[in-house]
Every structure is written in structure tokens, then in C-alpha cells.
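For reference, the structure is listed below as C-alpha cells.
All of these numbers come straight from a predicted model, not from anything done at the bench. Residue numbers start at 1 and run along the sequence shown. Side chains included, hydrogens not; waters and symmetry mates left out as well; all remaining heavy atoms used.
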Amino acid sequence: MLMGKQTWKFENRPVLIGAATVVGPDEGDGPLAADFDLVHPELDMQQKSWEKAERLLMEQASEFALNNAGIEKEQLQFYVGGDLMNQIISNSFAARTLGVPNIGVFGACSTSMESLALASLMVNSGASQYVLAGTCSHNCTAEKQFRYPTEYGAQKPPTAQYTVTGAGAVVVAATGEGPVVEYATIGKVIDLGIKDPFNMGAAMAPAAVDTIQAHFNDTGRTPKDYDLIVTGDLASVGHPLAKELLLRDGVPMDDTTFKDCGLMVYDVDRQKVQAGGSGCGCSAVVTYGHLLKKVAKGELKRILVVATGALLSPLSFQQGESIPCIAHAVAISGGKE
């Protein structure tokens, strides 16, 4: 199962039998709106706090994913999930509502593929028949925790990113119909000394590059083996940097389509989202809402999703620490050999 140094090959090909996404108004105003299961017209979602709204996103995405998979929550063995809040409270409370054994994980914005990789590993090994993987984020909770509350009205530089309000969940099964998970490459923590929390794209780009190269080295694949390679949330600053670094190292990224979820979820030219999207919900809603549909329809035969995460906290920033980053990659295909 282990290939090379940091990649798992899933010989039993875990199946993604049902996925769902729930988003906020800005995401519903973006180019992928038609692919989401539910769009909330207001950021508060009729909840008493931003945190309760984020929890609702995760609860609803989980419920829709189970419905789309055609199974009951009682059939789940485990739920694997995480978010950006301290002690991953959004997922902890959502797991309380779900009422199934829970494994909480944290990889910042890389958590979507971290949770999917672990869920796939559990199913592939025979430890589970059905596992739910999910992540979420909310623009206002992330702003309040990591930067300034939205009410403060702080100005941001063009390099800053806009946290996606959304949740994505997917049911991973041992058998069934749907796209399959082929590989997962677990990233290393990479830190090149960047300290600016308003320029996370540049901080995360080297981690994405390291994981992509590790995936190719471990599997023997090249960019042309994928119809699409997509990073998580490098946005308009980090994504060009990643491509430049890969090309510099001799990785022929021009042989495939190379995109970024943070640039796909919004119309960056029209919407006021600075450099593009970020957050645990960013790669989750793009992958589970948009990309899996294209794979299921045969429009994309094989994709590599490289979710990126900046592992900073308010505490580490206040202590003057740099921003360590990580990226996890999952290869998904249409299910036919």
C-alpha cells in the first residue's frame, strides 16, 4: 500500500458514493453556484453567532451527503473531519449531532484532503464499510479568530484572501457507484520563513510544490496522467508561484490543466475577494460540489486535488513565528481501469 516515501496506493479503490456542499451568499454568487446543494442567502443563516452558522453548514452538508449516498447515518462507522476554529469546534458539535464515532483532524485549509485520505485508508484496509469525511469554514469566524472581526472594518492588502463560507462532505464506501480514490500523498511541513498572515498564498506555494513532486516521485506518474491538477487555496499570488517553482524544477505542468480552487470558487475580477478564496471549505466545496460531478460525468477522467494549509495560529503569530505550511494530495478517477 505504501509507495515511495509518503504515498498510499489504495488497491481496493474506495468509492465516493455521495457528496454534498452547502455555501454562503458570496459562493452562491460565484461561477460554481449551480453545483452546490444549498446556497444560504445570508451569512448569519438565522443563527445567533457566526460559529453556530458554521456548525450548521457542516451539519447540513453531512445530511445531504448521506442522502446523496443513499444510506442512513446508522450505517456509518466513522466521521473524519476538521475546521479552522480552535479545538475544531464546528466539527465537534456537528459530530455530536451526527452521533457516530468521530476522528477530528486539523491541517488548516488542507483538512479536506487530509480527512479524505484518512477515510479512504480506513475503507481500503477493511476497517470500515462507510466513512464520512467533511470540512467547513465561515468567512466571519475565520476573520474573528485569525485577523479582525468584520465589524472592525480593517483594510486588507491585495495579497490577502477571502475565507470561503461553506462546507463539503463525502461518503467513502468499500463498494458502490461513483468516482474512486486511487492514491493519497501525505505532505511534509514546509516553512520558508514567511511571516505575513495576509500573504498565505506565497507561504503555502512551496508546500504544494513539495507534495506534488513527492506524488510524482512515489507513483511514477507525470502531469499528463491527469486531466486536472488543482491546488487548494493558493489564489492569485501563490498559484503562479507554485507553477513557476514546478517548471523551474523540471516538472512539465504545461502538460496538464493546472488550476486553484481559490480562483475557481469566485469571479475574482467581479467579486470583492482580494486574491481569491481560502479556508477549510474552499477545496472542499470545489471538489465535492464541482469536480466530482465532472468526474462522474466523464468530463474529467482523473484529477489530483492538492489541498494546501497554513499552520499558523493567533498565538504563534503574536510570538513572531513564521508560517509553517502543508499540502495533502488525493488522486481521484472515474472508476474505470
Side-chain angles (χ1 to χ4, degrees), residues 3-8 10 105 107-118 120 133 135 161 164 168 170 179 181-190 200-219 221-247 249 251-265 276-288 290-292 294-295 300 302-311 324-333:
M3 294 193 69
K5 296 182 178 180
Q6 57 197 89
T7 298
W8 296 325
F10 301 122
V105 295
C109 303
S110 73
T111 305
S112 63
M113 292 304 108
E114 179 185 18
S115 58
L116 179 57
L118 291 173
S120 300
T135 56
Q161 293 171 237
V164 165
V170 64
V181 182
E182 298 181 316
Y183 294 98
T185 300
I186 305 303
K188 297 182 293 185
V189 175
I190 305 294
M200 291 190 297
M204 293 186 289
V209 169
D210 187 80
T211 298
I212 290 171
Q213 290 181 309
H215 178 78
F216 292 146
N217 290 336
D218 288 349
T219 63
R221 288 183 172 178
T222 65
K224 67 181 180 181
D225 290 310
Y226 293 97
D227 297 320
L228 172 69
I229 297 176
V230 60
T231 49
D233 53 353
L234 300 183
S236 62
V237 176
H239 190 254
L241 285 174
K243 185 174 183 179
E244 181 180 342
L245 290 171
L246 287 163
L247 292 173
D249 292 344
V251 182
M253 296 306 290
D254 290 335
D255 288 349
T256 187
T257 300
F258 188 36
K259 292 186 177 181
D260 182 77
C261 294
L263 297 175
M264 296 171 68
V265 69
S278 66
C280 273
C282 184
S283 53
V285 301
V286 173
T287 302
Y288 300 151
H290 176 64
L291 297 180
L292 289 189
K294 285 189 167 292
V295 174
L300 294 170
R302 181 178 285 132
I303 63 174
L304 183 67
V305 183
V306 189
T308 42
L311 303 175
C325 298
I326 198 165
H328 302 298
V330 174
I332 300 169
S333 76

task = Could you go through the side chain to side chain contact (heavy atoms under 4.5 Å, CB included) check for Met113 and Val306 one step at a time?
result = CA-CA 7 Å; Met113 292 304 108; Val306 189; over 6 Å; no
Side-chain touch Trp8/Ile186, heavy atoms, less than 4.5 angstrom = yes
task = Heavy atoms only: give me the nearest Val305-Ile303 pair and the separation to one decimal.
result = CG2-CD1, 3.9 Å
remark   = All heavy atoms of Val105 vs all of Ser115, minimum pair found to be CG2-CB, 4.1 Å
query = So, do Pro223 and Val251 sit near enough that their side-chain heavy atoms are less than 4.5 Å apart?
reply = yes
Considering all heavy atoms, the nearest Pro206-Ile190 contact = CB-CG2, 4.0 Å
ask   = Do Arg221 and Arg302 come within less than 4.5 Å of each other through their side chains, counting heavy atoms only?
value = yes
request  = Evaluate the ring planes of His215 and Tyr183, with Trp represented by its six-membered ring, and classify them as parallel (under 30°), tilted (30 to 60°) or perpendicular (over 60°).
outcome  = perpendicular
query = Is Ser110 reaching over with its side chain to a backbone N or O of Gly107, donor-acceptor style, under 3.5 angstrom?
reply = yes
remark   = Value for CG (Asp260) from OG1 (Thr231), rounded to nearest 0.5 Å, stands at 3.5 Å
request  = Start with the C-alpha distance between Thr219 and Thr7, add both sets of side-chain angles, then the distance that settles side chain to side chain donor-acceptor pair (under 3.5 Å), and finish with yes or no.
outcome  = CA-CA 8 Å; Thr219 63; Thr7 298; over 6 Å; no
query = Is a side-chain N or O of Glu182 found less than 3.5 angstrom from the main chain of Ile332, in a donor-acceptor match?
reply = no
task = Report the C-alpha separation of Leu311 and Val189 in whole Å, then their side-chain angles, then the decisive distance to 0.1 Å, and conclude whether the side chain to side chain contact (heavy atoms under 4.5 Å, CB included) test is met.
result = CA-CA 9 Å; Leu311 303 175; Val189 175; 4.0 Å; yes
task = Start with the C-alpha gap between Leu300 and Leu291, add the side-chain angles, then the distance that decides, and say whether side chain to side chain contact (heavy atoms under 4.5 Å, CB included) holds.
result = CA-CA 8 Å; Leu300 294 170; Leu291 297 180; 4.3 Å; yes
note = Separation between CD1 (Ile326) and OG1 (Thr211), nearest 0.5 Å, reads 7.0 Å
inquiry  = Can you tell me how far apart CG (Asp249) and CD (Glu244) are? Round to the nearest 0.5 Å.
reply    = 10.5 Å
request  = Check whether any side-chain heavy atom of Met204 sits under 4.5 Å from a side-chain heavy atom of Asp233, and report yes or no.
outcome  = yes
query = If every non-hydrogen atom of Phe10 is compared with every non-hydrogen atom of Ala117, which pair is closest and at what distance?
reply = CZ-O, 3.9 Å
request  = Answer whether the closest heavy-atom distance between the side chains of Val330 and Val181 falls below 4.5 Å.
outcome  = yes
query = Do Asp227 and Lys294 come within less than 4.5 Å of each other through their side chains, counting heavy atoms only?
reply = no
ask   = Would you say the side-chain atoms of Glu114 pair up with the backbone N or O of His328, donor to acceptor, closer than 3.5 Å?
value = no
task = Hey, could you give me the NZ/CD1 distance between Lys224 and Ile229, rounded to the nearest 0.5 Å?
result = 13.0 Å
remark   = Scanning both residues in full, the closest heavy-atom pair of Ala307 with Ser283 reads CB-OG, 3.8 Å
ask   = For the side-chain contact (heavy atoms from CB on, under 4.5 Å) test, which of Leu245, Leu247, Leu246 pairs with Lys243?
value = Leu247
inquiry  = To the closest 0.5 Å, what do you measure between OH (Tyr226) and CG (Asp255)?
reply    = 14.0 Å
Value rounded to 0.5 Å, distance of CE in Met264 from NE2 in His290 = 4.0 Å
Donor-acceptor contact below 3.5 Å, side chain Thr185 vs main chain Ala329 = no
remark   = Tightest non-hydrogen contact, residues Val170 and Leu116, listed as CG1-CD1, 4.0 Å
inquiry  = I'd like to know if the side chain of Thr135 and the backbone of Thr111 have a donor-acceptor N/O pair within less than 3.5 Å.
reply    = no
